[in-house]
Amino acid sequence: MAGTLVIAELEGGKSRSTTFSAIAFAKQVGGSFAILAIGPGAANAAKDLAGFGAAKVIAVDDPAVKDYVVERFAPTVAKIVKDGGFDTVAVTASSFGKDLAPRLAAKLGAGYAPDINAVTVDGGKRLYRRPTYAGNALSWLEIATPIQIVSVRQTEFPAATASGGASPVETGAYAGPDAAASQVEFVKVEVGKSERPDLGEARVVVSGGRSLKEQFKQVLEPLADALGAAVGASRAACDAGYAAPELQVGQTGRTVAPQLYVAVGISGAIQHIAGMKGSKVIVAINKDPDAPIFQISDYGLVQDLFVAVPELVKELKAQS
Ligand SMILES: Cc1cc2nc3c(=O)[nH]c(=O)nc-3n(C[C@H](O)[C@H](O)[C@H](O)COP(=O)(O)OP(=O)(O)OC[C@H]3O[C@@H](n4cnc5c(N)ncnc54)[C@H](O)[C@@H]3O)c2cc1C
């Protein structure tokens with residue numbers, strides 16, 4: 001069957017919300033689509049995924065795919081794509097999708113459109129739009145190979161919701177590992193526990209820069225609490241160890257597009273802006289009136305953050 005195969009991202013036997021953005025892409029391009037759930041709890045996740053209008057859901061659960069190792073996942077996904085005659089494979093551009101998609105493209109001899117933020121059909125040609133030069137330019141790509149691999153930005157493809165119905169669920173087989181798998185050992189996954197919303201899904205993000213130093217959490221978290229926000233950080237803050245690496249926003253970190261983005265003591269380097277300029281309202285607090293962040297801000301406050309942020313928290317608390 002020609003059509004799109006969406007690769008679900010699983011966690012604890014359930015689909016992560018990233019999966020629903022890839023489904024939204026499949027629905028937007030139209031035609032038939034199927035969903036592949038691969039990993040522990042795939043059969044369980046497949047039951048939930050059966051409500052999204054897919055032609056079928058394929059579940060692969062095998063001890064060999066208990067832990068995510070691309071050298072073990074990719075051959076199975078590639079075989080399912082070939083056997084099923086799919087012409088498009090869609091993942092969301094999360095760490096999982098960004099890891100799996102290029103290897104899949106290489107195995108299938110397929111063109112790859114990474115990190116797309118729009119798709120359109122122009123005169124029968126499907127075109128993918130993606131940011132280039134750290135988001136300073138947008139390019140349109142056309143893929144010439146029979147199979148196309150696409151990773152979609154979660155922020156630009158709002159999550160599809162279950163539309164009811166019950167797609168048939170098939171069991172798929174594990175196709176064996178790549179030769180390179182013998183060189184790779186899965187050690188462990190460390191998941192940072194947080195009560196806060198996920199960075200990629202939060203309506204409000206409060207991000208801090210290197211200037212917060214060791215007081216990163218102490219200053220930023222009360223503001224994030226008062227706004228019900230996720231916490232983000234610049235790369236300089238992460239590299240210096242003031243913030244956890246998974247909080248990094250930017251070209252080499254997460255891409256976010258919340259309703260409100262508050263940049264505290266962040267200079268506004270292009271690599272940072274590449275990850276947050278899609279935010280609906282941007283507020284910047286910086287003591288340097290010439291900081292580049294002010295050029296893209298809707299509201300700017302030129303003040304020492306160690307004075308401004310506690311005052312803002314006090315005011316927000318007084319109003320709640
Ligand atoms: C290939 C590549 C990829 C990169 N990817 C990323 C990325 O994904 N994300 C990212 O963020 N960066 C990325 N960078 C790094 C980027 O170029 C910047 O170095 C980084 O974003 C700077 O972080 P910063 O704004 O926290 O620090 P700085 O540039 O040091 O800026 C600190 C800011 O805080 C202000 N400030 C200082 N003290 C106070 C105070 N008391 N009150 C108020 N304001 C104050 C200063 O005026 C300044 O504007 C990348 C760089 C490269 C080369």
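Numbering of ligands and ligand atoms starts at 1, following listing order. Being a predicted model, the structure only gives us computed values, none of them experimental.
Open room surrounds NZ on Lys79; 12 or fewer heavy atoms of other groups in view lie less than 6.0 Å from it.
Only the side chain of Ala269 comes within contact range of ligand 1, with a heavy atom under 4.0 Å; no backbone atom does. Under 4.0 angstrom from ligand 1, the non-hydrogen atoms of Val249 all belong to its backbone. Only side-chain heavy atoms of Gln248 come within less than 4.0 Å of ligand 1; its backbone N, CA, C and O stay farther off.
In this structure, the side chain of Ser279 does not engage the main chain of Ile282 through any donor-acceptor pair within 3.5 Å.
On a distance-only criterion, Gly265 and ligand 1 share at least one N/O pair closer than 3.5 Å.
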As a quick check of understanding, evaluate ring-ring contact (aromatic ring centres under 6.0 Å, His included) for Phe52 and Phe20, giving each step before the final call. CA-CA 9 Å; Phe52 283 82; Phe20 308 130; 5.1 Å; yes

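Relative to atom 40 (C) of ligand 1, the option among Leu305, Asp239, Thr255, Asp290 with the closest non-hydrogen atom is Leu305. Distances from atom 49 (O) of ligand 1 to the heavy atoms of Asn286, Val219, Ile273 show the closest one on Asn286.
Per-atom contact check: atom 19 (O) of ligand 1 does not touch the protein, criterion being a heavy-atom distance below 4.0 Å.
With contacts defined as side-chain heavy-atom distances shorter than 4.5 Å, the pair Asp87/Gln148 does not qualify.
Remark: minimum distance from atom 26 (O) of ligand 1 to any protein heavy atom is reached at Ser234 OG, 2.6 Å.
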